[in-house]
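Okay, so here's the structure we're looking at.
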Amino acid sequence: MIAIRHALTIKREDDFAQWYQEVISSADMAEESGVRGCMVIKPWGWGIWERMQHLMDRRIKAAGVQNAYFPLFIPLSNFVREAAHVEGFAKEMAVVTHHRLISDGKGGLIPDPEAKLEEPLIVRPTSETIIGDAMSRWIQSWRDLPLLLNQWANVVRWEMRTRMFLRTSEFLWQEGHTAHASAEDAMAETLRALEMYRAFAEEDAAIPVVVGEKPANERFPGAEATFSIEAMMQDGKALQAGTSHYLGTSFAEAADIRFQDREGTQQFCHTTSWGVSTRMVGAMIMVHGDDDGLRVPPTLAPFQVVILPMLREDDGDAALLAYCEELRGALLQQSAFGEPLRVLLDAKPGKAAAKRWDWVRKGAPLIVEVGPRDMADGKGAVLRRDRLWNDAAKPDFAFTPRDEIAAKAPAMLDEIQRALFEQAAGRREANVARDIDSLDALKAFFAENQRFPGWAEVQWSRPEGAALDKVVEQLKALKLTFRNVPANAAPADGKCLFTGEAAVERILVARAY
RNA sequence: CGGGGAGUAGCGCAGCCCGGUAGCGCAGGUGCUUUGGGAGCAUCAGGUCGCAGGUUCGAAUCCUGUCUCCCCGACCA
């Protein structure tokens, strides 16, 4: 067996956390900023997020939800209205207390004590309260409902332990906020958003997810019901990739969001909120990346095809570039996934071979290298990111006629998209245990699989209050968490793993990010 | 926020214990030779040693503080 010389220095199986960081830096996605928990998102990372935004925004608008924008700063008095919500977020809040700086007399600057704000402003950790405030003004009648809003925004939560894309103090997301006349309508919206997230994750990001409801202890502060999509990372841990909340009337009561129904009676609205964040970029890395770097699903790739001319800085370059330009033109005529192909002709000076590894690490789905002899043959050398290596441990180029490259590109991209999804789905299915029927078996399952814990889907009786707390404590001792109650799980037919009572449903247990 | 580790050239690191004006590999520039698949040789450039104080004739090195990153925990939709 010939050893493959991988494009990264750290392998997933050797140190997954280090590997994750190497992917981010070597794929040129993001870097540290010097401010705790805040990152600089570089063009390649940003381009991927922009693709996510584009595809998600399309789905949001297709559902009749309108975009709007609300302020970054929220008055403390506004935030303080919903008790459970405050309880949940108070510990991790950035607070603005001054509006001016003055010299400290030593060449530095300090907040001017004279410029203290009468009422502190908090930097939004989420926007339920300030959007609720607007809703209370905008909604008068049942005719104003449903009110379906979304905003793309940054939010801040003062995190103690941060990881790029997965948990940052400042992160970017979309947050949908809707108000409805009835609980049924609001719940339907909550589930519609959840299904939208499933479709986005699986169809757009090629990330298989488990859709389900969170147990009470994992609920959003102030919510009556929280749903999530959960994805399995390549180290076997779970990542919540999107959440949707049915908020009942608690936020409406706190912000006084009322409408007059057809009978003329004042009623509180039922509200929802739902969000997907830059964390999805982290999920993409940990689901699709390999020992050669990132692998971006073609739907998300800022460039789906990268053409690399083998420039020699001589008179032959002009003809080669013209040849590549024609290939680029032909590719641009093609579309995949309902959009024109995104093609880069990387004509920057430099060795094609060196640039190739850069694009491999960045995860461009298709790389086409073109040298003078390829040009003479009317061909190009096509490299698929999902099938990089041949049996000889060399990059597996397919020397393909130029016209054929353009004609075949959409189908290849489609195949790559499907392959990435299938690989991830296969890995997940192989690692969900559904036959664990005792706490000891659960312990043993996770003890035996330290390196790749996988998930356990177990039966439980859905205890509440103190009984639930006790179960959560037990899990915590094992470094485990409840993820969600899969919507498509088989019905319960046995006893609860934790209480011994009759089980009512099945719930996923996993280590989690 | 607790425990541990770390910050020296773009990246990866040595030097620190035992103070004497900074080094290696990769990457980068230039030249030559090569060149169909991650080139070789030569040569050059690049650093207020995270930041701020202190000790000292002299600090990357010793002391204090502080910021940031990584790992483990606590916390966390």
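Reckoned from all heavy atoms, side chains included, excluding hydrogens, waters and symmetry mates. Every chain is numbered from 1 and lettered A, B, ... according to where its sequence line falls, protein lines coming before strand lines.
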Report task. Have a look at A:Thr162 and say if it touches a base, only the backbone sugar-phosphate, or nothing, with a 4.0 Å heavy-atom cut-off. Result -> sugar-phosphate
Report task. For B:rU56 versus B:rU66, give the span between their P atoms, rounded off to a whole number of Å. Result -> 23 Å
Report task. Nearest-nucleotide wise, let me know which of A:Val35 and A:Val370 is further upstream toward the 5' end of RNA chain B. Result -> A:Val370
Requested in this report: Any strand is fair game: report the nucleotide pairing with B:rC18 by Watson-Crick or G-U wobble, both distances under 3.5 Å, or none.
Outcome: none
Query raised in the report: Expressed in angstrom and rounded to an integer, what is the separation of A:Asp358 atom CG from B:rA27 atom P?
Result: 12 Å
Requested in this report: Taking atom C1' in both B:rC13 and B:rU55, compute the distance separating them and give it to the nearest angstrom.
Outcome: 30 Å
Query raised in the report: Say you pick atom C1' in B:rG20 and the same atom in B:rG5; how far apart are they, in whole Å?
Result: 30 Å
Requested in this report: Working to the nearest 0.5 Å, report the span between CG of A:Asp346 and NZ of A:Lys355.
Outcome: 4.0 Å
Report task. Searching all strands shown, indicate the nucleotide that pairs with B:rU30 (Watson-Crick or G-U wobble; both distances under 3.5 Å). Result -> B:rA42
Requested in this report: Quick one: label A:Lys351 by what it contacts on the DNA or RNA (base, sugar-phosphate, nothing), any heavy atom closer than 4.0 Å.
Outcome: base
Query raised in the report: Taking the P atom of each, how far is B:rG25 from B:rC67, in whole Å?
Result: 37 Å
Requested in this report: Look at the side-chain N and O atoms of A:Arg36 and state whether any lies under 4.0 Å from the OP1 or OP2 oxygen of B:rC69.
Outcome: yes
**Report entry** Identified pairing partner of B:rA60, criterion: Watson-Crick or G-U wobble below 3.5 Å
**Finding:** none
Query raised in the report: Which nucleotide, in any strand shown, forms a Watson-Crick or G-U wobble pair with B:rG12, with both distances under 3.5 Å?
Result: B:rC24
Report summary line: Of all heavy-atom pairs linking A:Ile60 and A:Trp152, the shortest is CD1-CZ2, 4.3 Å
Report task. Find the distance A:His85:NE2 to B:rC76:P and express it as a whole number of Å. Result -> 15 Å
Query raised in the report: Any cation-pi pair here, A:Arg402 with A:Tyr323, using under 6.0 Å and within 45°?
Result: yes
**Report entry** Options B:rC76, B:rA74, B:rC70, nucleotide nearest the side-chain atoms of A:Gln18
**Finding:** B:rC70
Query raised in the report: In whole Å, what is the span from the CG atom of A:Leu311 to the P atom of B:rU35?
Result: 18 Å
**Report entry** Partner nucleotide of B:rG65 by Watson-Crick or wobble geometry (both distances under 3.5 Å)
**Finding:** B:rC51
**Report entry** Spacing of the P atoms in B:rA39 and B:rG50 (rounded, Å)
**Finding:** 34 Å
Query raised in the report: Contact class for A:Gly222 (heavy atom, under 4.0 Å): base, sugar-phosphate, or nothing?
Result: nothing
Query raised in the report: When the distance from CE of A:Met160 to C1' of B:rG3 is rounded to whole Å, what number comes out?
Result: 16 Å
Query raised in the report: Which is true for A:Pro215 with a 4.0 Å heavy-atom rule: it touches a base, it touches only sugar-phosphate, or it touches nothing?
Result: nothing
Requested in this report: Quickly work out the A:Arg161 CZ to B:rC72 C1' distance and round it to whole Å.
Outcome: 6 Å
Requested in this report: Would you please classify the geometry between the A:Phe397 ring and the A:Phe399 ring as parallel, tilted or perpendicular, with 30° and 60° separating the classes?
Outcome: tilted
Query raised in the report: For A:Ala353, which contact category applies under a 4.0 Å heavy-atom criterion: base, sugar-phosphate, or nothing?
Result: sugar-phosphate
Query raised in the report: Could A:Glu473 and A:Lys470 be called an ion pair, given the rule that one side-chain N must be under 4.0 Å from one carboxylate O?
Result: no
**Report entry** Close side-chain approach of A:Phe73 to A:Val96, heavy-atom, < 4.5 Å
**Finding:** yes
Report task. May I ask you to say what A:Gly34 touches in the nucleic acid, namely base, sugar-phosphate or nothing, with a heavy-atom cut-off under 4.0 Å? Result -> sugar-phosphate
Query - d(CD, A:Gln21; P, B:rG7) in whole Å - result: 16 Å
Requested in this report: Can you tell me, in whole Å, how much space there is between the C1' of B:rC63 and that of B:rA22?
Outcome: 23 Å
Requested in this report: With heavy atoms under 4.0 Å as the rule, sort A:Trp389 into base, sugar-phosphate or nothing.
Outcome: base
Query - Side-chain N,O (A:Arg163) to OP1/OP2 (B:rC71) below 4.0 Å - result: yes
Requested in this report: Mind checking A:His6 for me? I need base, sugar-phosphate or nothing, with any heavy atom below 4.0 Å counting as a touch.
Outcome: base
Query raised in the report: What nucleic acid atoms does A:Arg356 come within less than 4.0 Å of, heavy atoms only: base, sugar-phosphate, or nothing?
Result: sugar-phosphate
Query raised in the report: For B:rA74, does OP1 or OP2 lie under 4.0 Å from any side-chain N or O of A:Lys476?
Result: no
Query raised in the report: Hey, does A:Pro372 reach any base, or is it just sugar-phosphate, or nothing, if we go heavy atoms under 4.0 Å?
Result: base
Query raised in the report: Considering only side-chain heavy atoms of A:Arg167, which listed nucleotide, B:rG73, B:rC71, B:rC76, is closest?
Result: B:rC76
Requested in this report: For A:Trp158, report the nucleic acid contact type (base, sugar-phosphate, nothing); a contact means any heavy atom under 4.0 Å.
Outcome: nothing
**Report entry** Between B:rC69 (P) and A:Glu159 (CD): distance, integer Å
**Finding:** 13 Å
Query raised in the report: If you pin A:Gly371 and A:Glu473 to their nearest nucleotides in RNA chain B, which one's is more 5'?
Result: A:Gly371
**Report entry** Parallel, tilted or perpendicular: ring planes of A:His85 versus A:Phe79, cut at 30 and 60 degrees
**Finding:** tilted
Query raised in the report: For A:Tyr513, which contact category applies under a 4.0 Å heavy-atom criterion: base, sugar-phosphate, or nothing?
Result: nothing
Report summary line: So CG of A:Asp133 and CZ of A:Phe251: to nearest 0.5 Å the spacing works out to 13.5 Å
Query raised in the report: Taking the C1' atom of each, how far is B:rU8 from B:rU61, in whole Å?
Result: 11 Å
Query raised in the report: NA contact type, A:Ala223, heavy-atom cut-off 4.0 Å: base, sugar-phosphate, or nothing?
Result: nothing
Query raised in the report: Does B:rG73 have a Watson-Crick or wobble partner in any strand here, with both distances under 3.5 angstrom, and which is it?
Result: B:rC1
Report task. Identify the heavy atoms of A:Cys269 and A:Thr249 that sit nearest to each other, and give their distance. Result -> O-CG2, 3.4 Å
Query raised in the report: What's the OH-C1' distance between A:Tyr20 and B:rC69, to the nearest Å?
Result: 15 Å
Query raised in the report: Using the P atom in both, what is the distance from B:rG40 to B:rC1, to the nearest Å?
Result: 50 Å
Query raised in the report: Counting any heavy atom closer than 4.0 Å, what does A:Lys355 reach on the DNA or RNA strands: base, sugar-phosphate only, or nothing?
Result: nothing
